[in-house]
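This is a predicted model, so every value here is computed, not measured.
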Amino acid sequence: MTRSHCYWVSCSITIYFSFLIHSLASPSFHFCRHDQRDALLKLRDEFPMFDSKPSPWNKSNDCCFWKGVTCDDKSGQVISLDLRSNFLNSSLKTNSSLFRLQYLRHLDLSDCNLHGEIPSSLGNLSRLINLELSSNRLVGEIPASVGKLKQLRNLGLGDNDLIGEIPSSLGNLSLLLDLDLWSNHLVGEVPASIGNLNELRAMSLERNSLSGSIPISFANLTKLSSFSIFNNTFTSLPSDMSGFQNLEHFHISQNSFFGPFPKSLFSIPSLKFVYMDKNQFTGPIDFANASSSSKLEILLLTNNRLDGSIPESISRFVNLILLDIAHNNISGPIPRSMSKLVSLRIFGLSNNKLEGEVPCWLWRLSSAMLSHNCFSSFEKLSSKETLIQVLDLGSNSFRGPFPLWMCKLKWLNFLDLSNNLFSGSIPSCLRNFNLTGLILGNNNFSGTLPDIFANATNLHSLDISRNQMEGKFPKSLINCKALQFVNVENNKIKDKFPSWLGSLPSLHVLILRSNDFYGPLYHRNMSIGFPGLRIIDISHNGFTGTLPPHFFSSWREMITLDNGSYEYVEDIQNFSLIYRSMDMVNKGVEMSFERIRQDFKAIDFSENRIYGKIPESIGFLKELLLLNLSGNTFTSDIPRFLANLTKLETLDLSCNKLSGQIPQDLGKLSFLSYMNFSHNFLQGPVPRGTQFQRQKCSSFLENHGLYGLEDICGETHVPSPTSQQPEELSSDEEEKMFNSVAAAIAYGPGVFCGLVIGYIFTSHYHDWFAEKFSRKKLRVTTTAR
Ligand SMILES: *[C@@H]1O[C@H](CO)[C@@H](O)[C@H](O)[C@H]1NC(C)=O
Ligand SMILES: *[C@@H]1O[C@H](CO)[C@@H](O)[C@H](O)[C@H]1NC(C)=O
Ligand SMILES: *[C@@H]1O[C@H](CO)[C@@H](O)[C@H](O)[C@H]1NC(C)=O
Ligand SMILES: *[C@@H]1O[C@H](CO)[C@@H](O)[C@H](O)[C@H]1NC(C)=O
Ligand SMILES: *[C@@H]1O[C@H](CO)[C@@H](O)[C@H](O)[C@H]1NC(C)=O
Ligand SMILES: *[C@@H]1O[C@H](CO)[C@@H](O)[C@H](O)[C@H]1NC(C)=O
Ligand SMILES: *[C@@H]1O[C@H](CO)[C@@H](O)[C@H](O)[C@H]1NC(C)=O
Ligand SMILES: *[C@@H]1O[C@H](CO)[C@@H](O)[C@H](O)[C@H]1NC(C)=O
Ligand SMILES: *[C@@H]1O[C@H](CO)[C@@H](O)[C@H](O)[C@H]1NC(C)=O
Ligand SMILES: *[C@@H]1O[C@H](CO)[C@@H](O)[C@H](O)[C@H]1NC(C)=O
Ligand SMILES: *[C@@H]1O[C@H](CO)[C@@H](O)[C@H](O)[C@H]1NC(C)=O
Ligand SMILES: *[C@@H]1O[C@H](CO)[C@@H](O)[C@H](O)[C@H]1NC(C)=O
């Protein structure tokens, strides 16, 4: 994509300023004026942290050569002060000596850790052309006196903690080219006077709490090229936007805009990047007024409430590279005319009501996300031009055998066919792809999963869950050093425990649930590994054998906290964890969202035939939130080290042969909101502790001699725990427990992938955005000496 191309507004403005400063300060002889020097020295004292080396600010040098200082050639007056990215860690006082530098035209104190308020005396620096205070920690309101700086071309106050409204006096800055107020806490409506700034090229108001309508007066901003107001709560756009004759970049995502699709916008020929996602636009998409010479490259309409079909007129945007209309109510087929969009690379349609045939021109794109629609068939593959890399067809209405012509899509690396009715075998031609993700869950695939992963060294995710697969677990996965996510649940795979997966450093999620796996989890002299595991669910299989005491001691990811710095945005798998957590929350599992999504870690070994002692090393897994060992044949005591798992929220040890007492220290586990000890041979007192007192009676049923259950089971009917019928065992709570890992991990693999892919592209947009809107774009080089 056009990563290297320079965003022209920023370039032109930068060039403009560079020119300005250079022309003012050509390298030649000049003397520092004493009054200016004294003011600078006082200023230095105001900033005790200021490190003025390598050209120290001291009296014995000409102040015009001091670091960050530029003087006028002839008069010797200080005209530019650029201390950006110096750690000043101070505030600007009203009487600061800065305001004695009356000839300043350029002041850059961005990224200096300035705090405190912006003094209103700033308005006295009436010659300022460029005022850059962004990326500090400035608080308070924007002083109205800034409106007195009539020469100002650039006003940069972004990325601070400013509050209050935008002062209407800013409308007096009639020469202003760039208004940067992004990422503050500004509220209220944008004053109509801003519409007077008819030289304005770029306006950045994003990430504030601004509200109301975009003033009609903005129609006068005919030179505006970049308009960014995303993440506010604006509600309406001017009905006619054709006046923005030079608009290139229009970013209004994450607001509360409602009403019909703003079709007048698309009559602007210069328009290149349009981000309108996460609003409440309704009705059909309408490009009837689209300019025939459109330059549009990116159009994001996701997460609105648009309906109707994709208009044929979309084919006017011949320069379109990225089009995403996911999460709307768009119906009908993909229009034929779209095949004219020869520049299109990324096409997102997921979560709509589109139907019909998937046209074969899609295979020349790099990514097509079509999940959660009603597509049912494919157009015959005719073109040889197959560049598709990411193909998401999950959750549609496809049926029949695996589409073998896909073997010809030679660049394919992420394929999602989940949640359809595909059947038959999974072809071995997949071995020819450089796979990163293969998501085939919830279909009717059968046969043995071919051992196709020998060359799949970039594979992150494999999901063949909920099919009819049988035979062995593919050994070639041992080559997939990047593997993070494996889900084969609900098949008929018959194999031993793939303990060799333990050597994969990044394997985070392993789900073997509900298959015919058998044999021990551990055999002597085996190195256990699994350093990256966060979630393991091997429940409902035929695993047997004992676990040695040190079994869990190498599961580092569950032992250590990612000290909060873990980036969940880097890759597919990390995101899937977020998704799964969200899904869990949606299903009503009572855990806080933030908490789960950061560090959901779970072990489910339930419903197997594992016996012997619960390994003591379980006590190392301090990050564990869920432990389910129920339905096995664990004997002897509950290890008291379980009380080391201070984050544990769910603990199920039911239906084993555990004896002895419930360790009293478990009463201290303050997050343990669900537990089940029923159907064992436990005895002695139930631990005190609020979490225990909140449990249902059924959590303790069918034990030998537990007592102290009066508060839990009710005073009137203190059960003899051995005789009580397990009538509550199928209550919602129980259900929740038994399915919680499944809910978190296994539910709707297609949904999961749709989101994963959606996510990948969101991060693409971010990159694009970061580049186009680089905050450093207006910084002026003042090294002209
Ligand atoms: C002032 O500048 C002179 C000449 O560059 C230098 O030798 C001296 O160390 C400086 N004094 C201070 C206090 O920085
Ligand atoms: C910066 O200033 C703040 C408040 O004035 C102070 O608490 C902090 O210690 C200072 N930081 C450094 C590194 O001097
Ligand atoms: C500014 O005023 C404060 C008192 O309000 C005083 O302490 C300080 O010395 C003054 N600073 C200058 C540079 O005059
Ligand atoms: C500077 O501005 C302040 C407040 O805006 C004002 O009170 C003061 O008189 C001005 N000082 C000069 C020297 O202009
Ligand atoms: C700005 O202009 C308005 C008129 O639009 C005027 O009333 C006001 O005094 C001006 N403010 C400043 C700070 O110049
Ligand atoms: C646009 O500017 C013209 C003068 O340049 C003015 O007459 C008109 O009222 C302005 N329109 C709006 C909507 O502010
Ligand atoms: C808007 O920004 C705030 C903080 O800047 C953030 O907490 C919030 O999630 C953002 N809103 C959306 C919809 O992204
Ligand atoms: C949009 O198109 C309609 C008819 O096609 C026309 O009447 C109207 O003037 C156009 N509006 C703009 C803003 O171009
Ligand atoms: C889609 O349309 C249905 C009714 O047809 C409505 O219930 C649903 O809320 C709409 N969804 C969106 C995202 O607008
Ligand atoms: C396979 O794909 C990965 C990531 O998508 C890429 O980095 C790698 O270069 C590709 N390898 C080959 C042989 O194409
Ligand atoms: C792996 O790739 C190499 C080179 O592309 C090829 O020769 C080999 O047959 C492949 N191995 C498998 C098992 O597909
Ligand atoms: C459990 O915690 C105790 C006290 O912090 C510690 O001595 C013990 O080694 C821990 N045991 C395990 C298995 O982590």
Minimum side-chain heavy-atom gap [X]-[Y] below 4.5 Å:
X      : Y      : value
Leu666 : Phe677 : yes
Ser659 : Asp637 : yes
Asn515 : Asn490 : no
His185 : Ser209 : no
His460 : Leu435 : no
Val486 : Val488 : yes

So how far is it from [X] [atom1] to [Y] [atom2], rounded to the nearest 0.5 Å?
X      : Y      : atom1 : atom2 : value
Asn443 : Ser418 : CG    : OG    : 7.0 Å
Ser636 : Phe681 : OG    : CZ    : 12.5 Å
Asn656 : Ser606 : CG    : OG    : 10.0 Å
Leu658 : Lys613 : CG    : NZ    : 11.5 Å

Worksheet item: If you count the non-hydrogen atoms of other residues, nucleotides and ligands that lie under 6.0 Å from NZ in Lys481, is the total more than 12?
Response: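 Yes, because the 6.0 Å sphere around NZ of Lys481 holds more than 12 heavy atoms from other groups.
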Discussion item. Taking the ring of Phe543 and the ring of Phe605, is the distance between their centroids below 6.0 Å?
Written reply: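 Ring centres of Phe543 and Phe605 not closer than 6.0 Å.
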Practice prompt. Show your reasoning for whether side-chain contact (heavy atoms from CB on, under 4.5 Å) applies to Phe422 and Asn444.
Written response: CA-CA 6 Å; Phe422 287 111; Asn444 269 322; over 6 Å; no
Is it true that [X] and [Y] have a side-chain N and a carboxylate O under 4.0 angstrom from each other?
X      : Y      : result
Asp604 : Arg513 : yes
Asp161 : Arg137 : no
Lys494 : Glu470 : no

Can a donor-acceptor pair be found between the side chains of [X] and [Y] at a distance below 3.5 Å?
X      : Y      : result
Ser253 : Asp277 : yes
Asn434 : Asn458 : yes
His540 : Ser514 : no

